[in-house]
Amino acid sequence: MRLYNSLTRSKTDFVPQDPEHVTMYVCGPTVYSFAHIGNARPAVVFDVLARLLRHDYPKLTYARNITDIDDKINAAAAKAGVEIGEIARTYTQAYYDDLEALGVQPPDVTPHVTEHVDDIISMIEQLIAADHAYAAEGHVLFNVPSYPDYGKLSNRDRREMIAGARVEVAPYKQDPADFVLWKPSSDDQPGWDSPWGRGRPGWHIECSAMAKAHLGETIDIHGGGSDLQFPHHENEIAQSTCAHGGATYARYWLHNGLLNLDGQKMAKSVGNVLRIRDVLQQVPGEVARYVLLSAHYRQPLDWSDEVLTQARTTLDRIYRALEQLKDVEAAQAGAPDAVLQSLRDDLNTPQVFAEVSELVRAANKAGSDAERAAVKGSILATGALLGLFQADPAGWFAGETGDDEATEIDALVAQRQQARADKDFAAADRIRDELAARNIIIEDAAGGVRWRRG
RNA sequence: GGCUAGGUGGCAGAGUGGUGAUGCAACGGAUUGCAAAUCCGUACUACGUCGGUUCGAUUCCGGCCCUAGCCUCCA
C-alpha cells in the first residue's frame, strides 16, 4: 500500500511498525453544534482506509476522538442556558447518527477528552519536567523554541510566522509562538483540579494524550482535515515527541482536502455550512457518501446539487445491475485486483469507480450464471471496501416509499402488466402515466418490471 | 507577504513521456408495442499560459497568470 505522507510530502510505501497490529488516529469533531458535510469527509475517507487496512492486515486499532471540552461548547451551553455536558451529549449523539447514515463504521475507540483529563495533566507534567513547558499565571505553555523541529509538518519557519504577527502575544509567554497546554478557569467556567490550579486543557493537548492512552507513543497513521495541519497537528507533534523523549509521534500523516461550497471552503467560521442532516433530507446517505468518495481524498471537492444528482444516477445504474442479479448467489471471490491496487495507491477511489463501471457493464452483459455470480461477487466485495452498494436493490429504488404505498404501486404495476399481456396498450400507458405523475418511473427490464422514484 | 495544493473535453473526475480512463449529458444504431433501462458506436480538434529539455510533453524543468487552502477557531 502506498500513502501520501504530508510530513515528507511524497507518496511512500506504507510499512506498519508492527505488521500484526496497525494503529490509526483521526481527529474527530468538537461537539458544539451539528456537524456539516465537510466534517463528514474525513470520517468517510478514513472509514474507507480503515476498511482497507482491516482487509490487508490482521489487526487495526482505529481511534477517533470526541472533543467535549472546548470554549465553543461553553459558549453554546451558556447561550442555550444548559449544562455543558448536555450540549456535548446532544451533538455527540447527532454526530454518531449522521455518520451512521453515511455508512461510516464506528472506530474501535472513541475517546472523550472529559475521560482523559488525568492523562492530559500527566503529559503536561512530563513536558514541564523535560523543560519543554512552563507554568505562568495559572497557564501552562509549551515552549516552541525548545523543539527545533517545530514547523516540519507544515513546512513553516518559526521566524517567518512571527513576522506574520498574527500570533497572540500575551505577557506570560516566553516566546510569541508558545501555545497553551492548560488554562485557568473562572468559577463559572468548567474546570478540573490540577497542579496549576483549577483549569481546563488547551486545544491541542487532548489529541496527544488520547492517542498515547489508546495507541501508544508511536502511531502508524494520523489523519485529519488539511486545515488541521497547522497549528493543530504541528503542536501535537511537538507535545508528543517532547513528552516521549523524542519518540516519533505519527509515522504517516494523512490530510484530506476540504469541501467547497460556492467555490469557498465550507466552515462554521465562514458561515456557509450545509449540515449533514440537511443533506440527508435531500438524498439518501449513500448518495452523499458516493459524492464524498468521487474525488480523490486529497483534492478539494465542490459540493453542489449537480454532483448529488450525478451520484444518484450512477448508484441507480449500479443497483439496477444488482437488481438484475437478485436471484444469483454472489461468488465469494473478494474484490478484484484492479480495485485493490487502486485503493492501495493512496486510496484512489475515483479509479475504483471507473473499475466499478466496468463491472457493471460486465454484469449487464453476462451470459452465464457463473459469470453473473462472479461479477456480482466482485461488485459486492468492492462495495464492502467502499461502504457502498450493500442495500437491497428493490429498497433502493423504492426510496422513502412507505409499505402501503409500495403495495399499491405493485398492484398498479401488475395491472399494467396484465394490460400489456392483453395488448391493451392504451390502458397500460394510462397506468404508466398515472404513476409518472406521482414521480414513479417504470422500467420493463428483461427479467421483469421494475419501478423507481424519479 | 510566506508556505502548500491545483488549473484536463459541456459537467464531474482519474491518469500517463509516445496506442487520448470512467461516469453524466449529447448524437447515431440495436433492442422495445411505445417509453425507460441495457448493449454497440460517434463526437466534443481535452489537458491555464509562455518558454526549455526530448525524436516526441497534457505528463519533466523554469517563468507568468488564475483558483483554493494554511499562516487565527476550523474537518
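Side chains included, hydrogens not; waters and symmetry mates left out as well; all remaining heavy atoms used. Just so it is clear: chains get the letters A, B, ... in the order the sequence lines come, proteins before strands, and each one is counted from 1.
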Novice: Quantified in whole Å, what is the C1' atom distance between nucleotide B/rU31 and nucleotide B/rG41?
Specialist: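 Those two atoms are separated by 15 Å.
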
Novice: Testing the basics here: between A/Leu385 and A/Leu340, what is the closest heavy-atom pair and its distance to 0.1 Å?
Specialist: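 Heavy atoms only, the tightest pair is CD1-CD2, 3.6 Å.
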
Novice: P atom, B/rU4 versus B/rG9: distance in rounded Å?
Specialist: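 27 Å, rounded to whole Å.
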
Novice: Whole angstroms only, please: what is the CG-C1' distance between A/Asp316 and B/rG23?
Specialist: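 To the nearest whole Å, that distance equals 13 Å.
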
Novice: In terms of side-chain heavy atoms, does A/Ser342 have a donor or acceptor partner in A/Gln351 at a distance below 3.5 Å?
Specialist: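 No pair is found: no donor N or O on one side chain lies under 3.5 Å from an acceptor on the other.
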
Novice: With a non-hydrogen cut-off below 4.0 angstrom, is A/Thr309 in contact with a base, only sugar-phosphate, or nothing?
Specialist: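 Since no nucleic acid heavy atom lies under 4.0 Å of A/Thr309, the category is nothing.
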
Novice: Could you state the atom-to-atom distance from CG of A/Leu7 to P of B/rC70 in whole Å?
Specialist: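 A/Leu7 atom CG is separated from B/rC70 atom P by 20 Å.
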
Novice: Are A/Thr114 and A/Trp192 packed together at the side-chain level, in the sense that at least one heavy-atom pair is separated by less than 4.5 angstrom?
Specialist: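 A side-chain contact exists here, since the closest heavy-atom pair is under 4.5 Å.
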
Novice: Are A/Glu234 and A/Arg156 within salt-bridge range, i.e. N to O under 4.0 Å?
Specialist: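 Looking at A/Glu234 and A/Arg156, the cut-off is not met.
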
Novice: Rounding to an integer number of angstrom, what distance separates B/rC3 and B/rU59 when you compare their P atoms?
Specialist: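 These two P atoms come out 23 Å apart once rounded.
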
Novice: Taking any heavy-atom pair under 4.0 Å as a contact, classify A/Lys423: base, sugar-phosphate, or nothing.
Specialist: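 No contact.
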
Novice: Measure centre to centre between the rings of A/Phe46 and A/Tyr62, then say whether the value is under 6.0 Å.
Specialist: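 Here the rings of A/Tyr62 and A/Phe46 have centres that are no less than 6.0 Å from each other.
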
Novice: What is the distance from CG of A/Leu228 to P of B/rU72, rounded to the nearest Å?
Specialist: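 Result: 14 Å.
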
Novice: Tell me, please, whether A/Tyr32 has A/Lys72 positioned over its six-membered ring: NZ or CZ under 6.0 Å from the ring centre and within 45 degrees of its axis?
Specialist: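 Yes, A/Lys72 lies over the aromatic ring of A/Tyr32.
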
Novice: List every contact pair, protein side and nucleotides 57-61 of chain B side both N or O, where the distance is under 3.5 Å.
Specialist:
none

Novice: Determine the Euclidean distance between corresponding P atoms of B/rG33 and B/rG23; express it in Å to zero decimal places.
Specialist: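 To the nearest whole Å, 28 Å.
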
Novice: Rounding to a whole Å, what distance do you find between A/Trp253:CH2 and B/rC70:C1'?
Specialist: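 To the nearest whole Å, that distance equals 15 Å.
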
Novice: Check the orientation of A/His233 and A/Trp253. Use parallel for under 30°, tilted for 30 to 60°, and perpendicular for over 60°.
Specialist: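 Geometry flag for A/Trp253 against A/His233: tilted rings.
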
Novice: To the closest 0.5 Å, what do you measure between CD1 (A/Ile440) and CG (A/Leu412)?
Specialist: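 Answer for the CD1-CG pair, A/Ile440 versus A/Leu412, is 10.0 Å.
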
Novice: Using the C1' atom as the reference point in each nucleotide, state the distance between B/rA21 and B/rC61 in Å, no decimals.
Specialist: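 The same atom, C1', in both gives a distance of 27 Å.
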
Novice: Quick check for you: to the nearest 0.5 Å, what is the distance between A/Ser185 atom OG and A/Asn74 atom CG?
Specialist: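 These two atoms lie 8.0 Å from each other.
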
Novice: Answer yes or no: are there more than 12 heavy-atom neighbours, outside A/Lys11 itself, under 6.0 Å from its atom NZ?
Specialist: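 Result for NZ/A/Lys11: enclosed.
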
Novice: Name the nucleic acid region contacted by A/Glu358, choosing base, sugar-phosphate or nothing; use a 4.0 angstrom heavy-atom cut-off, strictly under.
Specialist: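 Result for A/Glu358 = sugar-phosphate.
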
Novice: Please list, pair by pair, any protein nitrogen or oxygen found under 3.5 Å from a nitrogen or oxygen in nucleotides 25-30 of chain B.
Specialist:
none

Novice: Stem finding on RNA chain B, please: runs of three or more consecutive Watson-Crick or G-U wobble pairs, both distances under 3.5 Å, sorted by first number.
Specialist: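 Output for stems: B:1-7 with B:65-71, B:10-12 with B:22-24, B:26-30 with B:38-42, B:48-52 with B:60-64.
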
Novice: Just call it for A/Asn348: base, sugar-phosphate, or nothing, with non-hydrogen atoms closer than 4.0 Å on any strand.
Specialist: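 Since only primed, P, OP1 and OP2 atoms lie under 4.0 Å of A/Asn348, the category is sugar-phosphate.
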
Novice: Give me the one residue out of A/Leu292, A/Val307, A/Leu293, A/Asn256 that meets side-chain contact (heavy atoms from CB on, under 4.5 Å) with A/Leu301.
Specialist: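 The passing option is A/Leu292.
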
Novice: Enumerate the protein-to-nucleotides 8-10 of chain B contacts in which both atoms are nitrogen or oxygen and the separation is below 3.5 Å.
Specialist:
none

Novice: Return yes if a side-chain donor-acceptor contact under 3.5 Å exists between A/Glu236 and A/Tyr249, otherwise no.
Specialist: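 On atom types as modelled, these side chains qualify, holding a pair under 3.5 Å.
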
Novice: Quick check: do A/Arg438 and A/Glu408 have side-chain heavy atoms less than 4.5 Å from each other?
Specialist: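 Yes. Closest side-chain heavy atoms under 4.5 Å.
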
Novice: Any base atoms under 4.0 Å from A/His296, or only sugar-phosphate, or nothing? Heavy atoms, all strands.
Specialist: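 If one applies the 4.0 Å heavy-atom cut-off, A/His296 turns out to touch the sugar-phosphate alone, with no base involved.
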
Novice: Which value, in whole Å, describes the distance between the C1' atoms of nucleotides B/rG18 and B/rU58?
Specialist: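 12 Å, rounded to whole Å.
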
Novice: Donor-acceptor pairs are to be reported for all side-chain atoms of residues 93-101 of chain A against protein atoms at under 3.5 Å, with residues two or more places apart or in another chain.
Specialist:
| from | atom 1 | to | atom 2 | distance (Å) |
| --- | --- | --- | --- | --- |
| A/Gln93 | NE2 | A/Asp97 | OD1 | 3.0 |
| A/Asp98 | OD1 | A/Arg277 | NE | 3.3 |
| A/Asp98 | OD1 | A/Arg277 | NH2 | 3.0 |

Novice: Just checking A/Asn155: base, sugar-phosphate only, or nothing, at a heavy-atom cut-off of under 4.0 Å?
Specialist: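 A/Asn155: backbone/sugar contact only, no base atoms under 4.0 Å.
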
Novice: Does A/Tyr4 have A/Arg298 sitting over its ring (NZ/CZ under 6.0 Å from centre, angle to axis within 45°)?
Specialist: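 Relative to the ring axis of A/Tyr4, which defines the angle, A/Arg298 lies inside both limits.
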
Novice: Describe, in one word, how the ring planes of A/Tyr319 and A/Phe397 are oriented to each other, choosing from parallel (under 30°), tilted (30 to 60°) and perpendicular (over 60°).
Specialist: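 It falls in the perpendicular class, over 60°.
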
Novice: Look at all strands and tell whether A/Gly224 reaches a base, only sugar-phosphate, or nothing, counting heavy atoms closer than 4.0 Å.
Specialist: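 Sugar-phosphate contact only - A/Gly224 comes under 4.0 Å of backbone atoms but never of a base.
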
Novice: For the C1' atoms, the ones on B/rC47 and on B/rC60, what distance do you get once it is rounded to whole angstrom?
Specialist: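 My reading of the C1' atoms in B/rC47 and B/rC60 gives 16 Å.
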
Novice: Walk along nucleotides 35-40 of chain B from 5' to 3' and tag each nucleotide B, S or - by protein heavy-atom contact under 4.0 Å, base first, then sugar-phosphate.
Specialist: BBSSSS

